[in-house]
Trainee: 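Pasting a structure below so you can have a look.
Any value given below was found using the heavy atoms of this structure, including those in side chains, with hydrogens, waters and symmetry copies removed.
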Amino acid sequence: MSTKISHSGVIERISTGQVQVRIVQTSACAACKVASYCNAAESKEKLIDVFCDTSSCNYQVGQQVTVMTSGAVAAKALLWGFGLPFVFLVSVLVVVLLLTSSEGLAALCALAALIPYYFVLWLLRDRMRDELSFQIVTS
């Protein structure tokens, strides 16, 4: 994937090595000219943390910027956050169901199996932050 994902935003807060950017994420419907007449339009404000070294973080609060990342980074984030846990959940569900023939127990075990998975992701958050990051492009 060589596509770039970008959002315009405003810098909300600056701390040592970190810039927080507020973006407005809109669905395709929200950008439509007739969106005000339709109930499908939606938009959400989100805060994006952009990590940078202190020499390259020379931004000001209120400055208009664009945050950008690659499609490959987005795909990797989706895989780690949703794809692998789904495969893990279904695998545990099937194995426990075959071993015990209890649907309730299989469902509980499958859900409980996600706890260590997400705990490991939490432990690896600093390493993942380096791989799954946004960059700031001034606008």
Trainee: Should the heavy atoms of other residues, nucleotides or ligands under 6.0 Å from CZ of R125 be counted, would the total exceed 12?
Mentor: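 More than 12 heavy atoms, drawn from other residues, nucleotides or ligands, come within 6.0 Å of this atom.
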Trainee: Below 4.5 Å, heavy atoms only, C-beta onward: do Q135 and F51 meet side chain to side chain?
Mentor: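 Q135 vs F51: side chains apart.
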Trainee: Under the criterion side-chain contact (heavy atoms from CB on, under 4.5 Å), I'd like the reasoning laid out for M128 against L121: C-alpha separation, chi angles, the key distance, then a yes or no.
Mentor: CA-CA 8 Å; M128 291 175 67; L121 283 186; 3.7 Å; yes
Trainee: Can you give each donor-acceptor pair under 3.5 Å made by side-chain atoms of residues 89-103, sequence neighbours left out, with the distance rounded to 0.1 Å?
Mentor:
from: S91; atom 1: OG; to: V87; atom 2: O; distance (Å): 2.7
from: T100; atom 1: OG1; to: V96; atom 2: O; distance (Å): 2.7
from: T100; atom 1: OG1; to: S102; atom 2: N; distance (Å): 3.3
from: S102; atom 1: OG; to: L105; atom 2: N; distance (Å): 3.3

Trainee: Determine, stepwise, if the pair V21 / F134 fulfils side-chain contact (heavy atoms from CB on, under 4.5 Å).
Mentor: CA-CA 10 Å; V21 180; F134 282 88; over 6 Å; no
Trainee: Calculate, to the nearest 0.5 Å, the distance between atoms CE and CD1 belonging to M68 and I48 respectively.
Mentor: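 Atom-to-atom, M68:CE and I48:CD1 are 13.0 Å apart.
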Trainee: Taking the side chain as every heavy atom from C-beta outward, state whether T66 and I136 have any pair of such atoms under 4.5 Å apart.
Mentor: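 They are not in side-chain contact.
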Trainee: With side-chain contact (heavy atoms from CB on, under 4.5 Å) as the test, would you mind laying out the steps for E12 and L47 before giving the verdict?
Mentor: CA-CA 8 Å; E12 283 286 311; L47 293 174; 4.0 Å; yes
Trainee: Does atom OH of Y118 have more than 12 heavy-atom neighbours, drawn from other residues, nucleotides or ligands, at distances under 6.0 Å?
Mentor: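 It does: Y118 OH has more than 12 such atoms within range.
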Trainee: Compare every heavy atom of P116 with every heavy atom of A113, then report the nearest pair and how far apart it is.
Mentor: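 Closest approach of A113 to P116, heavy atoms only: O-CD, 3.2 Å.
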Trainee: Taking all heavy atoms of F88 and all of L114, pick out the closest pair and write down the distance.
Mentor: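 Nearest heavy atoms, F88 then L114: CD2-CD2, 4.1 Å.
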Trainee: Report yes or no: do W80 and F119 belong to one cluster of Ile/Leu/Val/Met/Phe/Trp/Tyr joined by side chain heavy-atom distances under 4.5 Å?
Mentor: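 No, it is not one cluster - the side chains of W80 and F119 are not joined through contacts under 4.5 Å.
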Trainee: In sequence, state the C-alpha distance, the side-chain angles, and the governing distance for L132 and K76, and then conclude on side-chain contact (heavy atoms from CB on, under 4.5 Å).
Mentor: CA-CA 8 Å; L132 307 174; K76 191 182 292 187; 3.9 Å; yes
Trainee: Locate the shortest heavy-atom distance separating G9 from I23; write the atom from each residue and the value.
Mentor: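 Heavy-atom minimum between the residues: CA-CG2, 4.1 Å.
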Trainee: Are V65 and I14 joined in one hydrophobic group, where the rule is that I, L, V, M, F, W and Y side chains link up if heavy atoms are under 4.5 Å apart?
Mentor: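 Linked, V65 and I14 end up in one cluster.
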Trainee: Side-chain heavy atoms nearer than 4.5 Å, only ILVMFWY residues, links allowed to pass through others: does that put I115 and Y117 together?
Mentor: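 Looking at the clustering, Y117 is in a separate group from I115.
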Trainee: Check whether any side-chain heavy atom of E45 sits under 4.5 Å from a side-chain heavy atom of R22, and report yes or no.
Mentor: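 With C-beta onward as the side chain, the pair touches.
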Trainee: With no hydrogens and no angle check, is any side-chain donor or acceptor of Q63 less than 3.5 Å from a backbone partner on Q60?
Mentor: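 Yes.
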Trainee: Which atoms form the tightest heavy-atom contact between Q64 and V10, and what is the distance?
Mentor: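 In this case the closest contact between Q64 and V10 is OE1-CG2, 2.8 Å.
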Trainee: Could you tell me which residues satisfy side chain to side chain contact (heavy atoms under 4.5 Å, CB included) with L78, sequence neighbours excluded, listed by chain and number?
Mentor: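 If we apply the side chain to side chain contact (heavy atoms under 4.5 Å, CB included) test to L78, skipping adjacent residues, the hits are F82.
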